[in-house]
Amino acid sequence: MSDVLALGLPSVTGEPGMPGRVDVYEVGPRDGLQAESRVVPAADKVRFVRELVAAGLGTVEATSFVSPRWVPQLADAAEVMSGLGDDLERHPVLVPNLKGLDRAVEAGARSVAVFVSATDTFARRNLGMDRDQALRTADEVVVAARALGLRVRGYVSMCFGDPWEGPVAAETVAEVSARLVQAGCAQVSLGDTIGVGTAGQVGRLVDAHASAGVGADLLALHFHDTYGQALANVHAGLLAGVTCFDSSAGGLGGCPFAGSATGNLATEDLLWMLAGLGIETGVDLPAVVAAGRRMCDLLGRPLSRVAAALT
Ligand code: COA
Ligand code: ZN
């Protein structure tokens, strides 16, 4: 075992009820950078994305085609896309409305993500629309994107609690997700935008989705680590049958419109746990650590736990 640890990898012990393989959906270049006060140059963003792809991450969300007035950090979305070249299927981008979709398509996007909120207050703060209007807009964008042959992911924010509205009913979240699936989303990512979720909630939320006709195979889980619960929540998600998890290299991230949001679950922390459970991801942990460390250094941010432990 000491040899294994010396190599910078955990010892492996499987656990019953766990999947053999999991998709790690990397959101660092988008979620990780959207709330940083320092704007990262486009060339450094492109390098970050490329390093993450080289590490074996199959999907690396690249940027957002949102209003540059709302999120100036990602105003260079088209420049980042052109820097990434041809292989854009694996680089989804966020689009909040039809204008965003047009911009994304013009920049060559092949895969987009719409985002709505489970709560009304956050829909207004994040999108400038009430919850139902945001859902109608998302429907419109999904239909238009599907007509163009794009893959579409749906995000639901505030699935585990909202800083303004408090607890959020699992059934409410499931209704929103079901609507996104009906519109044509291939997958729905359930966001714990402010990181307040706890492990028992996860299975409950996945069950509520099954009752609403949205199976675990259509779900991804998106945790922020504000209260240090993200990995426990992933573990609960694995036991509930979810096999796609969002994470951010370096543990960067947050939402500029939810003040209490802190960093995403770090990709390297997630990989360490999955490797320890013997779950395949196809991702090279040291390469992710190196990419995350470079971006944390650039931004003057502390390293994630696993990156710090391996440094
Ligand atoms: N990209 C670029 N510009 C956009 C745009 C887009 N996707 N959508 C709207 N705009 C422009 C409009 O053209 C208009 O420009 P003008 O003033 O020069 O005519 C201006 O923004 C205002 O348009 P409006 O429709 O009133 O938008 P808004 O200011 O109410 O903003 C959103 C609505 C959805 C664009 C904005 O809330 C947004 O970008 N939110 C994203 C937040 C986010 O990324 N959060 C983190 C991810 S969870
Ligand atoms: Zn997030």
Side-chain angles (χ1 to χ4, degrees), residues 17-25 27 58-59 61 92 94-97 101 111-123 126-127 129-162 165-193 196-223 233-246 279:
M18 291 287 173
R21 193 182 162 90
V22 151
D23 288 328
V24 177
Y25 183 108
V27 296
T59 306
E61 202 168 77
L94 251 61
V95 293
N97 52 19
L101 179 64
S111 179
V112 296
V114 297
F115 50 111
V116 297
S117 171
T119 65
D120 201 47
T121 313
F122 188 64
N126 197 40
L127 290 158
M129 312 172 209
D130 66 29
R131 198 188 80 130
D132 291 336
Q133 200 183 341
L135 270 166
R136 283 195 297 277
T137 302
D139 275 348
E140 228 171 56
V141 176
V142 177
V143 169
R146 297 287 298 125
L148 293 168
L150 306 188
R151 181 184 162 87
V152 190
R153 170 184 240 220
Y155 277 102
V156 186
S157 306
M158 300 298 177
C159 296
F160 293 81
D162 175 288
E165 297 189 15
V168 177
E171 289 70 23
T172 305
V173 181
E175 272 167 36
V176 172
S177 301
R179 184 150 162 191
L180 291 173
V181 169
Q182 275 152 23
C185 288
Q187 183 180 63
V188 177
S189 174
L190 306 178
D192 185 6
T193 314
V196 292
T198 51
Q201 277 181 285
V202 177
R204 172 85 189 74
L205 192 58
V206 175
D207 285 349
H209 278 75
S211 304
V214 180
D217 56 321
L218 292 174
L219 296 177
L221 293 171
H222 179 114
F223 294 116
N233 292 340
V234 169
H235 192 269
L238 289 166
L239 290 175
V242 177
T243 57
C244 182
F245 296 89
D246 299 359
I279 297 172

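Residue Thr119 holds its OG1 atom at 9.5 Å from CG of Asn126, rounded to the nearest 0.5 Å. Distance check: Phe160 CZ to Thr193 OG1 gives 9.5 Å after rounding to the nearest 0.5 Å. In this structure, CD in Glu171 is found 9.0 Å from CG in Leu205, a value given to the nearest 0.5 Å. Note: Ile279 CD1 to Phe245 CZ = 8.0 Å, rounded to the nearest 0.5 Å. Between atom CZ of residue Arg151 and atom SG of residue Cys185 there is a gap of 9.5 Å, rounded to the nearest 0.5 Å.
Using a 4.5 Å cut-off on side-chain heavy atoms (C-beta onward), Arg153 and Pro92 make no contact. Contact of the Tyr155 side chain with the Val27 side chain is registered, since non-hydrogen atoms from C-beta on lie closer than 4.5 Å. Between His235 and Val202, the closest side-chain pair of non-hydrogen atoms is not below 4.5 Å. Proximity of Leu238 to Pro19: side-chain heavy atoms (C-beta onward) are separated by under 4.5 Å at one or more points.
Take Arg136 and apply the salt bridge (charged side-chain N to carboxylate O under 4.0 Å, His left out) test, not counting sequence neighbours, and it matches no residue. By the salt bridge (charged side-chain N to carboxylate O under 4.0 Å, His left out) test, Asp162 pairs with no residue at all, sequence neighbours left out. Remark: Arg131 pairs with no residue by the salt bridge (charged side-chain N to carboxylate O under 4.0 Å, His left out) rule, at least two apart or across chains.
Not a single donor-acceptor pair under 3.5 Å links the side chain of Glu175 to the backbone N or O of Thr172. Under the 3.5 Å distance criterion, the side-chain polar atoms of Gln187 are left unmatched by any main-chain donor or acceptor of Ala220. In this structure, Glu165 contributes its side chain and Asp120 its backbone to a donor-acceptor pair below 3.5 Å.
Closest approach of Ala134 to Val116, counting heavy atoms only: O-CG1, 3.8 Å. Contact detail for Leu101 and Ala145: the closest heavy-atom pair is CD2-N, 3.8 Å. Across Ala138 and Leu180, no two heavy atoms sit closer than the pair CB-CD2, 4.2 Å. Considering every non-hydrogen atom in both Leu218 and Ala186, the closest pair reads CD2-O, 3.5 Å. Heavy atoms only, all atoms of each residue included: Val214 and Ala178 are closest at CG2-CA, 3.7 Å. Closest of all the heavy-atom pairs between Ala208 and Ala170 is CB-CB, 3.8 Å.
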Side chain to side chain contact (heavy atoms under 4.5 Å, CB included) assessment of Thr59 paired with Asp23: CA-CA 9 Å; Thr59 306; Asp23 288 328; over 6 Å; no
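Shown are Val242, Asp246, Leu221, Val206; of these, the side-chain contact (heavy atoms from CB on, under 4.5 Å) with Leu190 is made only by Leu221.
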